[in-house]
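So that the names make sense, note that chain A is the first sequence line, chain B the second, and so on, each numbered from 1. Note that these values count all heavy atoms, side chains included, but never hydrogens, waters or copies made by symmetry.
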2 protein chains.
Amino acid sequence: MTYRDSAGRTLEDYPRPSVAVDTAVLTLEESRLAVLLTLTNDAVRGGHEEWRLPGTFVHPGETLTDAALRSLREKAGVEGLEPRQLHVFDEPGRDDRGWVMSVAHYDVVPPERLTLTDRITVVAVDELPALKYDHAKIIAFAVDALRADYRRSPDPAHLLAPPFTMRRLRGVHEAVAGERLLPDTFRRSMLPNLEPTGELFSEGRGRPAELYRPAVAASRGGTRR
Amino acid sequence: MTYRDSAGRTLEDYPRPSVAVDTAVLTLEESRLAVLLTLTNDAVRGGHEEWRLPGTFVHPGETLTDAALRSLREKAGVEGLEPRQLHVFDEPGRDDRGWVMSVAHYDVVPPERLTLTDRITVVAVDELPALKYDHAKIIAFAVDALRADYRRSPDPAHLLAPPFTMRRLRGVHEAVAGERLLPDTFRRSMLPNLEPTGELFSEGRGRPAELYRPAVAASRGGTRR
DNA sequence: CGAATAGTGTCTGTGAGACAATATTTA
DNA sequence: TAAATATTGTCTCACAGACACTATTCG
């Protein structure tokens, strides 16, 4: 009992695009925001060095998220992510193989969870090499989205394992924002969304820092009365 | 010279989804935010009353925007819009005809530009009837996006033809936000993004109001020094 | 004049930015 | 003790919310 339209045709009787997913996996590398890239098949077969975001075509019965997770597992060796949709790139001619649109996704993962190989690397987002397709645009979308995330919550992407010191948290925010942040202002803006653990942590010289963990509700603007 | 992969297959040799676009056209109706709906084909053929957003399948050589514009022209009788992408809805099973994903779009249009018929109507967004597919979700996305737009700029969707009075602008913002706004606070928050024309406008009783138009750059936060 | 609408004065609270001072460690 | 780091005090500025007051027009 396949569906047929008023002309007696099924959906498969009409031309359809190939739908791909590509995911910008952001991470930190030496206190800078970086993105995971993989070598293209062409490059693996002996062409010149060419990098791209991990991606794949969507298979039947699969959601876009499923497809993104599959490509991350198989091509980037990362598991357990939660890719979020960014935008559909659909310019005709963006892919010389034919009619292909790409649903861009992004996620963030701490560097410890990545396994780099000669076909999987991590590059700072402000020093990207030439990328295949419109993958540079996707990364720009991802960076914008991540910066917006970090303006709303202490560590939405779980780049830090709690508990953490204010200094470490600030380091993460500085990497994400790409600029230095004032310690005192940063502390005060974060405190309403953090829970002090009462424990201290010392790292070399100087007064030990208190350890915090994200507050339960991670409320937006702190306590109101 | 069709592309062939390492197995000698073209893109068309693999299963592909049908890709649709659906657009939430928001407008104002009696000072309330409303959305344009069309009667489903089933309903037209004599089924029970059932409404949906205007949409269509994407054709080859066409961008998603093109497809959205085509569906708006042909099914909703509106031209000259600039639909923006919201989200891809891809739950398997969301469409009982087969593997269909929908790229949701939205745009806004002043009510004067709409021509309503017995198959095209406008309904307040907080009094929606049952809708086909996940179109209610799309409308929710669209309303959120529009509210975000109006928090950043006086009239991003050009619902008002300049010049306009502060009162009219506030009326639009109240409709979009779905709540009353304080006249004095609203005025002061808008002034940095408006240019006074020097002209006055009187509407019945009371002191005439000055007419404004959106400031050129529509700057975000007003003047800094 | 009185009602209605437009616009301004001004007070309060909140929060960011910035600089300075204090507190607690290790070398 | 000196240097390094953490934390708090405090001042300033900007801005939203709120209420009261002034301004201008029509009936």
Among B:Val109, B:Val108, B:Asp107, find the residue that satisfies the side chain to side chain contact (heavy atoms under 4.5 Å, CB included) test when tested with B:Glu82. B:Asp107
Test salt bridge (Lys or Arg N to Asp or Glu O under 4.0 Å) applied to A:Arg170 - qualifying residues, sequence neighbours left out: A:Glu174
Side chain to side chain donor-acceptor pair (under 3.5 Å) partners for A:Trp99, two or more places apart: none
Atom CE of A:Met190 to atom P of C:dG15: distance rounded to whole Å? 14 Å
From the list D:dA6, D:dA18, D:dT7, which nucleotide is the closest neighbour of the side chain of A:Met166? D:dT7
When the distance from NE2 of A:His173 to P of C:dA16 is rounded to whole Å, what number comes out? 13 Å
How many whole angstroms separate atom CD of A:Glu179 from atom P of C:dG17? 9 Å
Suppose we screen for side chain to side chain donor-acceptor pair (under 3.5 Å). Which residues come up paired with B:Glu210, at least two apart in sequence or across chains? none
Looking only at N and O atoms, is any donor in the side chain of A:Arg188 or the base of D:dT10 less than 3.5 Å from an acceptor on the other one? yes
Would you mind reading off the distance between B:Arg168 atom CZ and C:dA6 atom P, rounded to a whole angstrom? 10 Å
From CZ of B:Arg187 over to C1' of D:dC15, roughly how many Å is that when rounded to an integer? 17 Å
Could you tell me which residues satisfy side chain to side chain donor-acceptor pair (under 3.5 Å) with B:Thr56, sequence neighbours excluded, listed by chain and number? B:Arg70
Let me know the distance between CG of B:Leu169 and C1' of C:dG7, rounded to the nearest Å. 15 Å
Can you list, in residue-number order, the parts of residues 196-212 of chain A that come under 4.0 Å of DNA chain D, counting heavy atoms only? A:Arg205, A:Gly206, A:Arg207, A:Pro208, A:Ala209, A:Glu210
What nucleic acid atoms does A:Arg167 come within less than 4.0 Å of, heavy atoms only: base, sugar-phosphate, or nothing? sugar-phosphate
Candidates D:dG17, C:dA16, D:dT8 - which lies nearest the side chain of B:Leu182: D:dG17
Got a sec, which residues hit ring-ring contact (aromatic ring centres under 6.0 Å, His included) with B:His173, two or more places apart in sequence or on another chain? B:Tyr150, B:Phe186
Nearest-angstrom distance from the residue atom CG of A:Leu191 to P of C:dG15: 12 Å
Taking atom CD of A:Glu30 as the centre, report whether more than 12 heavy atoms of other residues, nucleotides or ligands fall under 6.0 Å from it. no
